[in-house]
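Written below as structure tokens is the structure these notes are about.
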Number of protein chains: 2
Amino acid sequence: MVIFASLLTVITQGFMEKNKPTVMVDIAIFTVFEDKLKILLIKRGSEPFKDSWALPGGALNTVTDNSLEEAAMRELVEETGVENQYLEQLCTYGGPDRDPRDWTLSVTYFALVAADEVTLRAGTDTMEAKWHTLTQDKVEVSLAFDHERIVCEAISRLRAKLDYTDIAVHLLPKEFTLSELQRVYEIIMQEKLNKSSFRMRVARADIVAPINGKMRTGSNRPAQLYQFVKHEGDRMFFPRSIAWAQERKK
Amino acid sequence: MVIFASLLTVITQGFMEKNKPTVMVDIAIFTVFEDKLKILLIKRGSEPFKDSWALPGGALNTVTDNSLEEAAMRELVEETGVENQYLEQLCTYGGPDRDPRDWTLSVTYFALVAADEVTLRAGTDTMEAKWHTLTQDKVEVSLAFDHERIVCEAISRLRAKLDYTDIAVHLLPKEFTLSELQRVYEIIMQEKLNKSSFRMRVARADIVAPINGKMRTGSNRPAQLYQFVKHEGDRMFFPRSIAWAQERKK
DNA sequence: CTAATAGTGTCTATCAGACATTATAAG
DNA sequence: CTTATAATGTCTGATAGACACTATTAG
């Protein structure tokens with residue numbers, strides 16, 4: 001009986017090994033321009049979900065990919081043409097019904113790119129890549145698979161991290177003013193922030209440095225240009241969180 | 001024996017199929033007792049890493065598992081005998097060298113259980129489950145695969161979330177005193193916390209409620225017993241983070 | 001009484017937010 | 001001059017941390 005049971009186990013495991021899930025790597029790539037948070041989507045050229053929009057991604061290939069991060073970075077560079085961008089693992093989703101073809105597992109990432117450095121991959125015969133505006137955390141088009149949920153999760157993470165880290169600098173060009181940085185925070189947080197508080201916090205966090213003598217000119221007082229200063233762990237911890245403070249207002 | 005051999009062939013062929021990785025679900029299960037943070041480890045009964053300790057886990061079964069979460073929860077219940085514990089996805093690791101047998105992908109979770117509710121699975125012939133004390137974020141035994149890295153990541157996440165959420169209540173029995181709750185925080189944060197500040201924050205967060213009339217007695221002033229109050233989203237956001245405050249001291 | 005732990009009160013430094021004020025450009 | 005935006009200053013309320021203090025049990 002014991003032998004029979006263990007045999008069953010082996011058989012089951014045998015089937016299981018054969019029935020591995022298909023593993024995908026999908027990325028939510030964000031940028032900010034036109035005063036809006038944007039996400040990069042790909043129009044699907046084939047079934048399932050033909051003509052729907054989806055997150056850039058692809059199947060993991062164990063022969064060519066040496067890590068998940070590498071697979072994600074490859075996809076990111078392929079789509080945006082930009083290397084060394086901010087990339088962070090998000091969540092992993094799995095289930096039998098995510099894709100009608102198979103039990104699939106998606107390891108999702110989220111990436112931040114500066115709009116001015118991106119050159120979208122030329123639209124091929126079947127695939128079209130396009131920035132979509134996020135309004136109330138949603139795009140206007142319907143998304144393939146469970147990608148809508150992934151987008152929500154990605155925005156939620158982005159907003160959470162914005163509150164206690166410096167990652168917003170990755171959305172800006174190499175040189176930027178503090179007002180521009182604050183504007184990015186406001187666009188993503190969907191809240192107006194206090195100028196002096198914001199500046200004090202940014203100064204304390206020590207993540208930007210003025211570029212001596214360089215100013216952004218216009219028909220008003222010129223603004224000091226800053227650049228991002230790399231930090232080990234590149235985190236800036238705010239002593240109080242912006243989100244909490246705003247929570248208190250209600 | 002012949003049956004075994006042919007089954008092995010099937011298994012091997014399964015591995016080769018379509019360049020898919022083998023998918024594992026591993027869990028870092030924490031508890032607190034004896035004034036120490038503990039993690040549940042399993043002694044491996046077979047190669048590779050025979051006799052090393054590893055995180056509880058197993059291969060994802062696409063035939064029986066309907067989601068990753070379900071697979072993780074099954075593993076958690078199997079090991080601890082406790083249902084409905086705190087379970088959260090951690091990270092996903094993948095690479096060709098994590099396991100000598102195959103390109104593997106581990107979806108890792110972390111779980112919190114109350115020590116008094118756990119009954120460790122009876123040790124079978126080959127597997128032994130045991131709580132290991134974490135000292136300086138390390139166990140005294142060597143871990144299989146890249147599980148040491150996963151444990152580090154899990155502790156780091158636990159500590160981070162402790163700072164702005166209420167998850168520590170999941171490490172305590174159903175009834176507890178505020179001093180006990182504070183002690184759990186101190187054990188994990190490895191810092192002594194201020195009593196009045198801690199109590200004010202806990203009170204404001206509104207996540208525990210006194211159990212009317214119930215007191216813990218001893219050879220000192222009796223302490224009010226509290227119970228956990230479920231909250232939607234079950235998060236308590238501290239207006240200032242404990243960690244930051246302590247960062248400032250240096 | 002003492003010992004031990006529970007629980008509260010007071011003071012201080014710090015910080016976010018609100019709002020005002022000054023600075024510097026173009027036209 | 002006006003307009004626009006940059007940048008700084010001032011005041012207030014909230015709060016974490018330090019530390020002292022009171023409360024309540026057992027023995």
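Each chain gets a letter, A, B and so on, in the order its sequence line appears, and its residues count up from 1. Keep in mind it's a predicted model, so treat the numbers as computed, not measured.
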message: For a quick test of reading the model: is some side-chain N or O of A:Arg221 closer than 4.0 Å to OP1 or OP2 of D:dA7?
response: no
query: Does any pair with a residue in residues 24-41 of chain B pass salt bridge (Lys or Arg N to Asp or Glu O under 4.0 Å), and if so which ones, sequence neighbours excluded?
result: B:Glu34-B:Lys38, B:Asp35-B:Arg183
message: If I take atom CD in residue B:Glu191 and atom P in nucleotide D:dA16, what distance separates them, rounded to the nearest angstrom?
response: 16 Å
- prompt: Quick check: does any side chain N or O of B:Glu180 sit under 3.5 Å from a backbone N or O of B:Thr177, one acting as donor and the other as acceptor?
  reply: yes
I'd like a table of atom pairs between the protein and nucleotides 9-11 of chain C - only N or O on both sides, under 3.5 Å - with the distance next to each one.
| residue | atom | partner | partner atom | Å |
| --- | --- | --- | --- | --- |
| C:dG9 | O6 | B:Ser196 | OG | 2.9 |

Backbone N/O of A:Thr108 and side chain of A:Ser106: donor-acceptor pair under 3.5 Å: no
task: Let me know the distance between CZ of A:Arg183 and P of D:dA7, rounded to the nearest Å.
output: 17 Å
- line: Rounded to whole Å, the CZ-C1' distance (A:Arg216 to D:dA4) equals 16 Å
message: Using modelled atom types and a 3.5 Å cut-off, is there a donor and acceptor pairing between side-chain atoms of A:Arg157 and backbone atoms of A:Leu90?
response: yes
With B:Lys174 via side-chain hydrogen bond (donor to acceptor under 3.5 Å, both in side chains) - residues at least two apart: B:Glu117
field: Those residues that, when tested against A:Pro173, pass side-chain contact (heavy atoms from CB on, under 4.5 Å) (two or more places apart)
entry: A:Asp116
- line: On DNA chain C, more 5' by nearest nucleotide between A:Lys195 and A:Thr217 is A:Lys195
query: Any idea which of D:dA6, C:dC15, C:dA6 is nearest the A:Arg199 side chain?
result: D:dA6
query: Taking atom C1' of D:dT5 as reference, at what distance in whole Å does atom CZ of A:Phe198 sit?
result: 16 Å
field: Residues which pass side-chain hydrogen bond (donor to acceptor under 3.5 Å, both in side chains) with A:Arg199, listed by chain and number, not counting sequence neighbours
entry: A:Ser179
message: Can you see if the side chain of A:Ser179 gets near the phosphate of D:dT5 - specifically, an N or O under 4.0 Å from OP1 or OP2?
response: no
field: Whether B:Glu75 side chain and B:Ile27 backbone form a donor-acceptor pair below 3.5 Å
entry: no
field: Rounded distance in Å - CZ (A:Arg201) to P (C:dA18)
entry: 13 Å
- request: To the nearest 10°, let me know how far the axis at one end of the helix from C:dC1-D:dG27 to C:dG27-D:dC1 is tilted from the axis at the other, five pairs an end.
  value: 10°
- prompt: For B:Arg204 and D:dT15, is the shortest distance between a side-chain N/O and OP1 or OP2 below 4.0 Å?
  reply: yes
query: Short question: side chain of A:Thr31, backbone of A:Ala115 - any donor-acceptor pair under 3.5 Å?
result: yes
- prompt: For the base of C:dG17, is there a side-chain donor-acceptor partner from A:Ser197 under 3.5 Å away?
  reply: yes
- prompt: In whole angstrom, what separates A:Lys214's NZ from D:dA6's P?
  reply: 18 Å
message: From the set D:dT5, C:dA6, D:dA6, return the single nucleotide nearest to any side-chain atom of B:Thr177.
response: C:dA6
statement: Separation of D:dT24 atom P from B:Met215 atom CE, nearest Å, is 10 Å
task: Take atom CD of A:Gln224 and atom P of C:dA25, then tell me their distance rounded to the nearest Å.
output: 13 Å
query: Does the distance from a Lys or Arg side-chain N to an Asp or Glu carboxylate O, for A:Lys161 and A:Glu88, drop under 4.0 Å?
result: yes
